[in-house]
Amino acid sequence: MKKPFACLLYAALLVFPLGLMAQNTDEAISKIRKDYALAQEKIKACGDYYDGIFINSATVNIGEMWGGSGPHAKKTEVFYVMGTDEEWSFDRTVFFVRNKYNVSVREFYTEILYDEKGYPEFFFHKAFGYDGNPLEWRFYWKNGKLIRKLGPETIDTEIFPDSVPTPQEAYDQAVRFSTYLDKL
């Protein structure tokens with residue numbers, strides 16, 4: 001009698017932390033979704049004040065002719081706020097990036113959301129294959145740690161060559177975009 005009860009108690013103790021971890025992840029993703037909606041509101045106010053803070057943006061358009069694949073276009077939009085210190089504060093905190101580009105006939109679209117400290121918390125990537133059909137990936141981070149990845153694990157490399165972003169590649173790209181304005 002004691003042995004089945006002990007096994008049941010042991011199993012319950014193992015499952016309980018997993019349930020808490022899932023709840024914490026769901027709460028973190030719910031917060032990220034609210035942050036995303038707030039970022040969209042700020043973007044609509046771009047060039048004006050939102051909640052007492054001026055919303056800035058920078059847009060870079062690149063058009064090139066690539067040998068072998070033809071016209072290449074890239075449009076990057078960076079949305080940010082600057083420090084509120086009026087004594088020459090040029091600190092920029094990026095809160096959202098949109099990046100759209102093509103390689104030959106294939107199109108790619110990326111959105112990156114940053115938390116209030118400027119760290120990546122959400123990365124969305126959409127890639128169109130040679131067949132014209134899209135695939136999407138979503139990465140969610142909390143305090144720099146991946147908490148959820150959504151998207152196909154395997155793809156047809158004939159239709160989508162080199163299109164599968166890893167969580168680390170996505171995070172590294174997000175960090176690079178957060179310093180994009182410093183390079184302009």
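Please read all numbers here as calculations on a predicted model, not as lab measurements.
- In terms of heavy atoms, Thr110 sits closest to Ile112 at CG2-CG1, 3.9 Å.
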**OP:** Quick one: do Thr93 and Tyr80 satisfy side chain to side chain contact (heavy atoms under 4.5 Å, CB included)? Show the steps, please.
**Re:** CA-CA 5 Å; Thr93 302; Tyr80 61 98; 5.9 Å; no
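- Applying the ring pair (Phe, Tyr, Trp, His ring centres under 6.0 Å) test to Phe124 and every residue at least two apart in sequence or in another chain returns nothing.
- Taking both residues in full, the closest heavy atoms of Ile147 and Thr25 are given as O-CG2, 3.6 Å, listed atom of the first, atom of the second, then distance.
- Considering only residues two or more places apart in sequence or on other chains, Val60 meets the side chain to side chain contact (heavy atoms under 4.5 Å, CB included) condition with Ile62, Tyr180, Leu184.
- Contacts of Thr76 classified as side-chain hydrogen bond (donor to acceptor under 3.5 Å, both in side chains), with partners at least two apart in sequence or in another chain: Asn99.
- For the atom pair OH of Tyr140 and OG of Ser30, the computed distance is 10.5 Å after rounding to the nearest 0.5 Å.
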Expected list for residues 114-122: side-chain donor-acceptor pairs under 3.5 angstrom, two or more places apart:
unit_1, atom_1, unit_2, atom_2, d
Tyr114, OH, Ala174, O, 2.6
Asp115, OD1, Lys117, N, 2.9
Asp115, OD1, Gly118, N, 3.0
Asp115, OD1, Tyr119, N, 2.9

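- For residues 42-55, the pairs satisfying side chain to side chain donor-acceptor pair (under 3.5 Å) are Glu41-Tyr50, with sequence neighbours left out.
- Contacts of Thr166 classified as side chain to side chain contact (heavy atoms under 4.5 Å, CB included), with partners at least two apart in sequence or in another chain: Gln168, Glu169.
- Here the closest heavy-atom approach between residue Lys126 and residue Pro134 is recorded as CE-CB, 3.7 Å.
- In this structure Tyr109 satisfies the side-chain hydrogen bond (donor to acceptor under 3.5 Å, both in side chains) test together with Glu111, sequence neighbours excluded.
- The CG atom of Leu113 sits 7.5 Å away from atom CD1 of Ile32, with the distance rounded to the nearest 0.5 Å.
- Every residue two or more places apart in sequence or in another chain that forms a side-chain hydrogen bond (donor to acceptor under 3.5 Å, both in side chains) with Arg98 is listed here: Glu77.
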**OP:** Start with the C-alpha gap between Phe123 and Trp137, add the side-chain angles, then the distance that decides, and say whether side chain to side chain contact (heavy atoms under 4.5 Å, CB included) holds.
**Re:** CA-CA 8 Å; Phe123 185 94; Trp137 292 266; over 6 Å; no
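- Here Lys31 pairs with Asp35 in a salt bridge; the nearest charged N to carboxylate O distance falls below 4.0 Å.
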Original post:
Taking it one step at a time, do Leu146 and Tyr171 satisfy side chain to side chain contact (heavy atoms under 4.5 Å, CB included)?
Top reply: CA-CA 9 Å; Leu146 183 70; Tyr171 193 85; over 6 Å; no
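- Listed by first and then second residue, the side chain to side chain donor-acceptor pair (under 3.5 Å) pairs that reach into residues 66-75 are Glu64-Trp66, sequence neighbours excluded.
- Between His125 and Phe108, the ring planes lie parallel to each other; the angle is under 30°, not in the 30° to 60° tilted range.
- With sequence neighbours left out, the side-chain hydrogen bond (donor to acceptor under 3.5 Å, both in side chains) criterion links Lys100 to no other residue.
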